[in-house]
Structures are given as structure tokens and as C-alpha cells.
Amino acid sequence: MIPIQLTIEGLYSYQKRQTIDFATLTEAGLFGIFGQVGSGKSSIFEAISFALYSETERLHSRDNRAYNMMNLKSNRSYIAFDFLHFENRKFRATREFKLNSKKFEDVTSSADFYEWKNENWQPLETTKADEIIGLSYANFKRTIIIPQGQFKEFLELGAKDRTVMMKEIFGL
């Protein structure tokens, strides 16, 4: 999976719509995102994993994730993540969540996936990233976005887990 573009709005410290163009970064084939503590790096990674899998490393489903990810000054959050998958096909994953004006902690959400075909975004039936990317959330975290402090876990995977991961990643 190669990231192309990420658009986020109303998410953590990103109140206004921001678009991150990964094209220049990915031209080199491998890149990192660096910055000071609190600069929004983790928010970018969480936006990507939430757009794709509706999962994040910091917040679990029991934590009312969508509500807690929202910017305090926003009543709506939006994430759109465009990427190329292993066959060079272009996809977009979107997630949107809104506060209920009558019941503050009640958040409605929607998820949609699209494929770029004939110069248009065509909606897909599935909203499951593992069907598109070919990676489970666990292996996505291990190989694409390695959470802070967990690189050692990646290196120390047991033989069985490493075999399962390699089979999934490389279609062995």
C-alpha cells in the first residue's frame, strides 16, 4: 500500500480541513514522519488506520472512539485516505462521524470505500480494508504503521506469528 493523500477535519488537533499530499514523500520509496511531541504525528497515523480499519492504537471501541477522536470545537469529523494497493489500483477510504445535537455523546458514523475508475470514484460494496489491501489490522500495524515503542515487538515475533504474517503479506 502506498499512501497518496490524507484529508482530515475535526479530528484531534485538526479542527479545520487539512490535506497531506504524500506524493513527494513516497517518490523515494520509503519515508518517515517526524516532529516534536504533540505536533500531530500520531493523529495522522490514527486517521489512516481509522479510515481503513475503524481501529486505532490509542483508543479502543469501548472508549467511545469516534467521540473521543473529535476536536472539541467540532461537531463533525471527516477522514479521506487515498492510496495505491499492490496492483497499482487507486482506492479511497472515508469515515465521517457527527455529534447528535440532542445527546452530546451519541455519535453517528459512516464508512465508505471507493475505487478510482474511468476518472471517477466508484463506490465499493465492501468497507473492509483487509479485503482490498490484503492485510489484517494486526499485520497492518506491524508492517505499515509501527506504533511508538512497538518496533521491538515486531522484531521479536515468534516463529508461528512471523510465518502467519509473512504468508498474509506476501501471499505465500
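The shown structure was predicted, so the numbers you read here are calculated from the model rather than taken from an experiment.
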Answer whether the closest heavy-atom distance between the side chains of Phe113 and Pro123 falls below 4.5 Å.
no
List for me each residue that meets side chain to side chain contact (heavy atoms under 4.5 Å, CB included) alongside Ile20, sequence neighbours excluded, and say none if there are none.
Leu6, Phe22, Ile44
Apply ring pair (Phe, Tyr, Trp, His ring centres under 6.0 Å) to Tyr114 and list each qualifying residue two or more places apart in sequence or on a separate chain.
none
For Phe83, which residues count as a ring pair (Phe, Tyr, Trp, His ring centres under 6.0 Å) partner, sequence neighbours excluded?
Phe81, Phe91
Are the side chains of Arg95 and Ser54 in touch, meaning some heavy atoms are under 4.5 Å apart?
yes
Partners meeting side-chain hydrogen bond (donor to acceptor under 3.5 Å, both in side chains) with Arg89 (sequence neighbours left out):
Glu87, Glu115
Report yes if some heavy atom in the side chain of Asp130 is under 4.5 Å from a heavy atom in the side chain of Leu52; otherwise report no.
no
If you round to the nearest 0.5 Å, how far is CG of Asn139 from CD1 of Ile133?
12.0 Å
All ring pair (Phe, Tyr, Trp, His ring centres under 6.0 Å) counterparts of Tyr78, not counting sequence neighbours:
none
Is the shortest side-chain heavy-atom distance between Leu11 and Phe97 below 4.5 Å?
yes
Thr19: what forms a side-chain hydrogen bond (donor to acceptor under 3.5 Å, both in side chains) with it, not counting sequence neighbours?
Thr7
Quick one: are Lys117 and Gln122 in side-chain contact, heavy atoms under 4.5 Å?
yes
Pick one: which of Phe45, Phe50, Tyr53 meets ring-ring contact (aromatic ring centres under 6.0 Å, His included) with Phe140?
Tyr53
Looking at every non-hydrogen atom in both residues, tell me the closest pair between Ala93 and Ala51 and how far apart they are.
CB-O, 3.5 Å
Student check: side-chain heavy atoms of Ile8 and Ser43 closer than 4.5 Å
no
With sequence neighbours left out, what residues match Glu96 under side-chain hydrogen bond (donor to acceptor under 3.5 Å, both in side chains)?
Arg76
If the condition is side chain to side chain contact (heavy atoms under 4.5 Å, CB included), which residues does Leu84 pass it with, not counting sequence neighbours?
Ile2, Ile4, Asn88, Lys90
Any side-chain heavy atom of Trp121 sitting closer than 4.5 Å to one from Asp82?
yes
Not counting sequence neighbours, which residues clear side-chain hydrogen bond (donor to acceptor under 3.5 Å, both in side chains) with Glu131? List them please.
Thr126
